[in-house]
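Scroll down for the structure; my scribbles are underneath it.
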Number of protein chains: 2
Amino acid sequence: MPQNTKNRATIEDVANLANVSTATVSRVINKNGQVAKKTSDRVLEAIEELNYTPHSGARQMAGGRPNLVGLIFPAIGDPFMSELLEGIETKLVEEGYDLLLYSSQRLGESPRFLPLNEHNSDGLIVFADSLSDAELARFHQLEFPLVLLHQNAPEGLDIPCVTVENKKGASTAVKHLIDHGYKNIAFLAGLEGHEDAEWREIGYREELAKHNIPFRPELVGYGDFSAETAEAAVENWLLEGINIDAIFAADDNSAQGAMFALQRAGKRIPQDVAIVGFDDITFSRYMSPSLTTIRMPIKDVGRHSAIQLIKLMKGEKADSLTLLPTDLIIRDSCGKD
Amino acid sequence: MPQNTKNRATIEDVANLANVSTATVSRVINKNGQVAKKTSDRVLEAIEELNYTPHSGARQMAGGRPNLVGLIFPAIGDPFMSELLEGIETKLVEEGYDLLLYSSQRLGESPRFLPLNEHNSDGLIVFADSLSDAELARFHQLEFPLVLLHQNAPEGLDIPCVTVENKKGASTAVKHLIDHGYKNIAFLAGLEGHEDAEWREIGYREELAKHNIPFRPELVGYGDFSAETAEAAVENWLLEGINIDAIFAADDNSAQGAMFALQRAGKRIPQDVAIVGFDDITFSRYMSPSLTTIRMPIKDVGRHSAIQLIKLMKGEKADSLTLLPTDLIIRDSCGKD
DNA sequence: TGATAGAATGTAAGCGATTACATTTTATCT
DNA sequence: AGATAAAATGTAATCGCTTACATTCTATCA
């Protein structure tokens, strides 16, 4: 039997049971307007009794804003998703918003309507590449509050973006290696076309250039931010006998994969090959040797995206780019300081 | 300015522009009823032109089911959240449902109304401990489709539950250690009160008993499923000079922390202390030594929870308990086979 | 060509809340 | 006690959509 069509108490049922009008019930629910304590108690009791919960759809229609923001993210098992969430949610809750998440595993596949949109949320935070440009354009045209995470706005759309100093972080990492005397520095690039990865590559190349070290394309390995693909890339270098004395990985997962492949091939880290990663995931500290890496202030990224979105939702202007600083965390994998 | 109150096209705007009635527009949107191709095209055009998206709240009110299921989970950065999601979503999408997520970081703190409820979703999947018993009872009383993940239903509530064979997995792990001749087997219990952890502890104790090895409370260390707390627990054992030749960790994070502490103290793994974990997170393979552990079919857990929920949503009866099998993955940390 | 079935479209009643405005009750002051 | 302001409550319009039912086309057939 269709469960949902019956038995659900409405505001009217509550009103009847409590012997008041629906308006009064609405007032006690929303704590606006004046209601006598006695009446209010009676209403609350009726709500309890009937197991009543307001119908959000109806509320929205009746004019109230949903007080809800949506976060749309790809299904990539980002190890920092939960920190990001924490940053976003903390700020949002402070301001009285709820947060709903939609993971767009198979974007584009089913061109249905998004379950999170301008009607049921006050704003959207969109993680890198989880929405098509067309969709972004639609929202933008609607002047619907939107913030992009780890992704710059497509050409011509003025949508605020929050991310970390990818380029600078990469430069720092590479500089650190160069300062230690390494010259043959390979780069594990992560996912091709991913914005974070691209900026990190730019940082890598610029820093090389700054020190007059020629860029060698064969020293760049692509993958997908996973240990497996990095492992394969490193094995390939080893196989081809390419001379490498250091690796800068665009993410810690890849760094881990690289370590694994190197150690299996009998290379010592950092004596034979030094490694620096990017992200500082929880595990970096526990790798052996522990991984020198670039830490990103993920929680801050979350918080700032919420801050920008809130501005937008209040009708204020938001900063079109928020760049959060990264930190070099020196551990053992890069050779002692 | 309040962005959301204006400029949003309604079905009526579309109808006007396309020169048809709202009923017709509704028909083309929902692909039910008959509409002439020519008309339909005109409507689609108007939708495009106006950037129109239906108001989900209004749709629900007007009777259509939302075709949406909600997943409620705690903020714990479960390393397998993304796999779980994949399992759930894949199945759900097959059946034409959308999935919306709500992370209940600070449950109980703000006793507001859940943003996911019987009005805007057809069913809910609830991850361990993310809803209060009272809330569960409310849904249950409403006969609202509900499936619990990694958590048994509270006393008296008949809510289907999907989880893995925690006890059996733990037994297997411990048996493996015992079979290798280890006698002083410590247990890193993870979070006290967590159901998974509890079942794993029961498995540990039963297996000990089965081999006539007395259970020693001082060999159980509690933590919170994190490497840090496990590290501390192990350090404590070391400090107290407790004799341990193997550790069974209720999760891989803890196993990692344990390894770290042991190695820092100069112990060799597995020669001095063997370790077996639980979960088989991505990193287990990359630890050094690589971690022997119990693998859980996370994706299947997700898929089965979706399957059970779908039954419920169709008004069929669901299995009150689905127990998915675990696997022993033998690597290096437990001593060679 | 007129009748008729089926396709295409339209009309209008609800769905469950909120809220401006109207009304009644209560409290306060002279 | 009577007037009056403030508090408490009620009335009813409204939000955007779906859908049962009514109506109008269109094509086909005798």
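Naming convention: chains lettered A, B, ... in sequence-line order (proteins, then strands); numbering from 1 in each chain.
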- Query: Between C:dG16 and A:Thr10, is there an OP1 or OP2 to side-chain N/O distance shorter than 4.0 Å?
  - Reply: no
- Message: Whether A:Arg42 and A:Glu45 form a salt bridge (side-chain N of Lys/Arg under 4.0 Å from carboxylate O of Asp/Glu) is what I want to check.
- Response: no
- Considering just the side-chain nitrogens and oxygens of A:Thr22, establish if one lies under 4.0 Å of OP1 or OP2 belonging to C:dG16. no
- What nucleic acid atoms does B:Ser26 come within less than 4.0 Å of, heavy atoms only: base, sugar-phosphate, or nothing? base
- Message: I'd like to know if the side chain of B:Thr22 reaches the main chain of B:Glu12, judged simply by a donor and an acceptor atom lying under 3.5 Å from each other, with no hydrogens or angles considered.
- Response: no
- Task: For A:Ala36, report the nucleic acid contact type (base, sugar-phosphate, nothing); a contact means any heavy atom under 4.0 Å.
- Result: sugar-phosphate
- Task: Take B:Arg27 and B:Met61, find for each the nucleotide of DNA chain D with the closest heavy atom, and name the residue whose nucleotide sits nearer the 5' end.
- Result: B:Met61
- Task: Report yes if a side-chain nitrogen or oxygen of A:Thr39 is closer than 4.0 Å to either non-bridging phosphate oxygen (OP1 or OP2) of D:dT9; otherwise report no.
- Result: yes
- Item | Parallel, tilted or perpendicular: ring planes of A:His150 versus A:Phe127, cut at 30 and 60 degrees | parallel
- Query: From the list C:dA7, C:dT18, D:dT18, which nucleotide is the closest neighbour of the side chain of B:Gln34?
  - Reply: C:dA7
- Task: Examine distances only and state if a side-chain atom of B:Ser121 and a backbone atom of B:Asn117 form a donor-acceptor pair shorter than 3.5 Å.
- Result: yes
- Message: What verdict does the salt bridge (charged side-chain N to carboxylate O under 4.0 Å, His left out) test give for B:Arg303 and B:Glu86, after you've listed the backbone C-alpha separation in whole Å, the side-chain angles of each residue and the deciding distance to 0.1 Å?
- Response: CA-CA 8 Å; B:Arg303 213 167 56 84; B:Glu86 191 180 336; over 6 Å; no
- Of the listed nucleotides C:dA17, D:dC15, D:dC17, the one nearest the side chain of A:Ala58: C:dA17
- Hey, which of these two, A:Ser56 or B:Arg42, hits DNA chain C nearer its 5' end, going by closest nucleotide? B:Arg42
- From C:dA17, D:dG16, D:dT9, nucleotide with atom closest to B:His55 side chain: D:dG16
- Task: Check whether any side-chain N or O of A:Ser21 sits under 4.0 Å from OP1 or OP2 of D:dT9, and answer yes or no.
- Result: no
- Note on the structure: The answer to which of B:His119 and B:Asn19 contacts DNA chain C further toward the 5' end, by nearest nucleotide, is B:Asn19
- Query: Which nucleotide in the set D:dC17, D:dG10, D:dT19 lies at the smallest distance from any side-chain heavy atom of B:Ala62?
  - Reply: D:dC17
- Given C:dA17, D:dT18, D:dT9, the nucleotide with the shortest approach to the side chain of A:Val35: D:dT9
